[in-house]
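Because the structure is a prediction, the values reported are computed rather than measured.
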Amino acid sequence: MKFLRYTAIIAAAMCVMTAASCGKTNGSSSKADTTTAVETSASGETQTDGTETGTQESAEEIENRIYESVKNEQKSTDAPDLGTAGELVTPDEDDEEAKLGDYCVCDDGVKLYYDESIYPQALAMTLKEYFKSFVAGSYTDYTKCTYPTYIDGMDAYLQKDYGYDLKRSFSKQCANLESKAGGKYTITRIKIEPHGTAEAEAQASLMSEAGHEGEETATQNDPQANINSFFDSYSSALGSDYKEKTQKETDKFYDMDFYVMVKCEGDDLEQLLLGGYEIIFAEKDGRFYTFG
């Protein structure tokens, strides 16, 4: 199977990938040109240029189609149906997948890459269901994976300051991802790792090439500072004390980066749709929730 240089991207940290895709697309999906749900929810805006996809729909047409299907959907406090996953697999060293790390295969076919000593399997599977809600255009499924006070607070903020609700913002994001993929798509792989891992590895590689192997690099990963910064970006929408309130209600925060690979309909080649973006999860009473 052709990986479209995905392994090289993870190892080299944030390289731009020229991936094949179906329909019309801008070609590559890198951190510089990909807009994620996490980064757009506060404003509700997405980076779409109106180019047509393989279905001949513009991003605006996709958005309107999805909004028509979700505008009467209700939010849900039910836990998402995570499905099942097999045992964690460690590829052989000579396997072309080895550099991607350990993974498990879910019953829906998605491969999840994560370190089980850091992340519970249910967290990784909740992240999968979160992204599947965008594929399916299901607002109800989206709310099952998102922290309830975030949903209420962001919905009120968007209506007050932007004149549309969270369902419209969700529809914009669905349309943005479908446009980025170049058409309707399915998720094939998701990888998660501690926030800043790729950047730190890239700096370490550069230090090694410069003959400074083992020396401390400039990048210092501080998970608590990362979490504070993440929630600070939502302070105007949710209040300056939102993180503290949420922290008191929950058991633990997880700060991580994610990568999502997909296939378009009728295409056997995989492409990296989202890569190297930060996301925060909260754990509460055995469930996991994100914000975005």
Return the orientation label for the Tyr157 and Tyr162 ring planes: parallel under 30°, perpendicular over 60°, tilted otherwise. perpendicular
Pairing residues for Asn228 by the side-chain contact (heavy atoms from CB on, under 4.5 Å) criterion, not counting sequence neighbours: Gln224, Lys243
side-chain contact (heavy atoms from CB on, under 4.5 Å) with Thr188: which residues, sequence neighbours excluded? Met261, Lys263, Glu270
Would you please name every residue forming a side chain to side chain donor-acceptor pair (under 3.5 Å) with Glu116, sequence neighbours left out? none
Is Lys191 close enough and on-axis enough to Tyr259, meaning under 6.0 Å and within 45°, for cation-pi? no
Any idea which heavy atoms bring [X] and [Y] closest together, and the distance?
X      : Y      : value
Cys104 : Ala85  : SG-CB, 3.9 Å
Pro80  : Glu129 : CB-CB, 4.4 Å
Ile192 : Ala124 : CD1-CB, 4.2 Å

First locate atom CZ of Arg287, then atom CG of Leu82, and finally report the distance between them rounded to the nearest 0.5 Å. 9.0 Å
Rounded to the nearest 0.5 Å, how far does NZ of Lys111 lie from CZ of Arg189? 4.5 Å
Among Asp222, Ile280, Asp232, the one residue meeting side-chain contact (heavy atoms from CB on, under 4.5 Å) with Ile227: Ile280
Are the ring centres of Tyr67 and Phe170 closer than 6.0 Å? no
Are Tyr150 and Tyr234 an aromatic pair by the rule of ring centers under 6.0 Å? yes
With sequence neighbours left out, write down each residue that passes ring-ring contact (aromatic ring centres under 6.0 Å, His included) with [X], or none if nothing qualifies.
X      : answer
Tyr119 : none
Phe253 : Phe231
Tyr289 : Tyr147

Just by distance, with hydrogens left out, do Tyr114 and Gln121 show a side-chain donor and acceptor under 3.5 Å apart? yes
Using side-chain heavy atoms (C-beta onward) and a distance below 4.5 Å, is Phe291 in contact with Thr246? yes
Would you say CG of Asp81 has more than 12 non-hydrogen atoms from neighbouring residues, nucleotides or ligands within 6.0 angstrom? no
Evaluate salt bridge (Lys or Arg N to Asp or Glu O under 4.0 Å) for Asp141 paired with Lys144, printing each intermediate quantity in order. CA-CA 5 Å; Asp141 287 346; Lys144 292 178 180 180; 3.8 Å; yes
